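For reference, the structure is listed below as C-alpha cells.
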Amino acid sequence: MPVQIGSGGYYVFVATIFFLYWAVARVRLARLGVVLLANYVFCAQFGLFYIVLLPACSLADYLIGRGLMFFRNEGLRRVLVVLSITLNLALLVGSRHMPWLLYQRGMTAWDWVFPLGLSFYTLQALTYTLDLYRGDGQGTRSLLEHLAAVSFFPTLQAGPITRVVDLVKQLAAPPGLSSVDGGRAFFL
C-alpha cells in the first residue's frame, strides 16, 4: 500500500505510527525506534536504495557533528563544516544530474530516479552541522536521535525544512501529552 502524502495509505501509515509511538512513548529507545522505522519504511517505498543512502549520509553528518561538538580549533571546525557542505551538496547535485550523465554515457537501462525530496533531506541535514558550527544549537551524542531527526518522514517529501537540533530536542524529551491531548492531536 503506497504511503504517499495525501493518499489513503498515508493516513493509515500515520495512524499506525501514531498509535505505535503512543504505546511505547515512555521508553525512549522504543519511541526513537518507532520514528526511525517509520522514516525508513516511508523512504523504502521510493526504492531500497534509500535504506542505504540516507543512513550513510546521516552517519557522515553525525560524525562531523560529533567533531564539531568536540573540537575547539577553528581551522579544524571550518574543515569539518566544509566537508559536510561538500558531501551534502554533492549528494544533491549528483541526484539531480545523474540521469543526464548516465544518458551521455549511453546508459539508459539503469533507472536512477530520486522522487523523494532529497533537497529537503540535504538542506535539513545541513542545518545540523551549520547550527553546531555557529553554536546555534546543541548536538546529540545519540546516533539514534540524530538518524530519527534528520530523516523525519513528514518533512522529507514536502517540507518544510526544519532544524535538526530542534527535532533532536523534541525527540529526546518524553512526550508530555495527556490521553485527551493525544486524541486531539491525532484528529488534527
Side-chain angles (χ1 to χ4, degrees), residues 28-29 32-33 35-105 107 110-173:
R28 180 180 167 273
L29 288 177
L32 288 173
V35 171
L36 185 59
L37 178 65
N39 295 343
Y40 290 163
V41 166
F42 182 80
C43 292
Q45 75 168 330
F46 297 103
L48 294 179
F49 182 66
Y50 286 113
I51 302 302
V52 175
L53 179 71
L54 292 182
C57 294
S58 299
L59 178 62
D61 276 324
Y62 170 78
L63 293 173
I64 291 169
R66 290 294 306 252
L68 289 168
M69 292 186 312
F70 181 76
F71 296 114
R72 296 292 159 230
N73 178 296
E74 193 57 37
L76 182 55
R77 290 173 54 80
R78 196 170 299 128
V79 166
L80 288 172
V81 80
V82 167
L83 178 62
S84 175
I85 291 168
T86 303
L87 288 172
N88 281 292
L89 291 182
L91 172 67
L92 184 61
V93 170
S95 70
R96 297 286 184 224
H97 298 288
M98 188 59 70
W100 180 81
L101 289 172
L102 292 175
Y103 179 75
Q104 295 300 316
R105 303 219 187 280
M107 303 167 112
W110 190 20
D111 185 20
W112 187 280
V113 179
F114 283 92
L116 184 66
L118 208 54
S119 56
F120 287 114
Y121 167 81
T122 302
L123 296 174
Q124 187 162 291
L126 279 173
T127 68
Y128 183 70
T129 51
L130 291 173
D131 280 347
L132 292 180
Y133 176 72
R134 291 187 313 229
D136 290 343
Q138 295 274 335
T140 181
R141 288 181 166 69
S142 168
L143 177 60
L144 189 58
E145 277 179 8
H146 178 75
L147 292 175
V150 79
S151 63
F152 194 54
F153 79 90
T155 62
L156 281 186
Q157 194 171 31
I161 297 166
T162 54
R163 295 176 69 189
V164 173
V165 292
D166 292 339
L167 282 173
V168 164
K169 278 191 279 187
Q170 291 177 26
L171 291 172

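These numbers were taken from a predicted model, which means no experiment stands behind them.
Under 3.5 Å, the side chains of Tyr62 and Glu145 contain no donor-acceptor pair of N or O atoms.
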Quiz item: Can you list the steps and then say if Asn39 with Leu54 is a side-chain contact (heavy atoms from CB on, under 4.5 Å)?
Solution: CA-CA 10 Å; Asn39 295 343; Leu54 292 182; over 6 Å; no
Quiz item: Should Leu36 and Ser151 be marked as a side-chain contact (heavy atoms from CB on, under 4.5 Å) after you check the CA-CA gap, both sets of side-chain angles, and the distance that decides it?
Solution: CA-CA 8 Å; Leu36 185 59; Ser151 63; 4.0 Å; yes
Exercise. Decide yes or no on side-chain contact (heavy atoms from CB on, under 4.5 Å) for Leu171 and Leu32, but give the supporting numbers first.
Key: CA-CA 7 Å; Leu171 291 172; Leu32 288 173; 3.7 Å; yes
Quiz prompt | Chi angles and distances behind the side-chain contact (heavy atoms from CB on, under 4.5 Å) call for Gln138, Leu132 | solution = CA-CA 7 Å; Gln138 295 274 335; Leu132 292 180; 5.9 Å; no
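Note that CG of Leu143 is 9.5 Å distant from CZ of Arg66, once rounded to the nearest 0.5 Å. The CD atom of Glu74 sits 6.0 Å away from atom CZ of Arg77, with the distance rounded to the nearest 0.5 Å. In this structure, OH on Tyr50 lies 10.5 Å from CZ on Phe42, to the nearest 0.5 angstrom. Of the inter-residue distances, the one linking Tyr133 atom OH with Arg78 atom CZ reads 4.5 Å to the nearest 0.5 angstrom. If you take OG1 on Thr155 and CG on Leu167, they are separated by 6.5 Å, rounding to the nearest 0.5 Å. With values rounded to the nearest 0.5 angstrom, Leu68 atom CG is found 11.0 Å from Leu63 atom CG.
The heavy-atom pair separating Gly33 from Leu144 by the smallest distance is N-CD2, 4.3 Å. Nearest heavy atom pair, residue Leu80 against residue Phe71, reads CD1-CD1, 4.1 Å. Nearest heavy-atom pair, Ser58 versus Val150, reported as atom, atom and distance to 0.1 Å: OG-CG1, 3.1 Å. Contact record, Phe153 with Ala38: CE2-CB, 3.8 Å, taken as the closest heavy-atom pair.
Partners of Arg141 according to the salt bridge (charged side-chain N to carboxylate O under 4.0 Å, His left out) rule, which considers only residues two or more places apart in sequence or in another chain, do not exist here. Residues forming a side-chain hydrogen bond (donor to acceptor under 3.5 Å, both in side chains) with Ser84 (at least two apart in sequence, or on another chain): Asp61, Asn88, Thr129.
Between the side chain of Arg28 and the main chain of Ala172, no donor-acceptor pair closer than 3.5 Å is present. When atom types are taken as modelled, the side chain of Arg163 and the backbone of Thr127 share no donor-acceptor pair closer than 3.5 angstrom. Remark: side-chain polar atoms of Gln124 are paired, donor with acceptor, to backbone N or O of Thr162 under 3.5 angstrom.
When side chains are defined from C-beta on, Thr140 counts as touching Tyr128, because their heavy atoms get closer than 4.5 Å.
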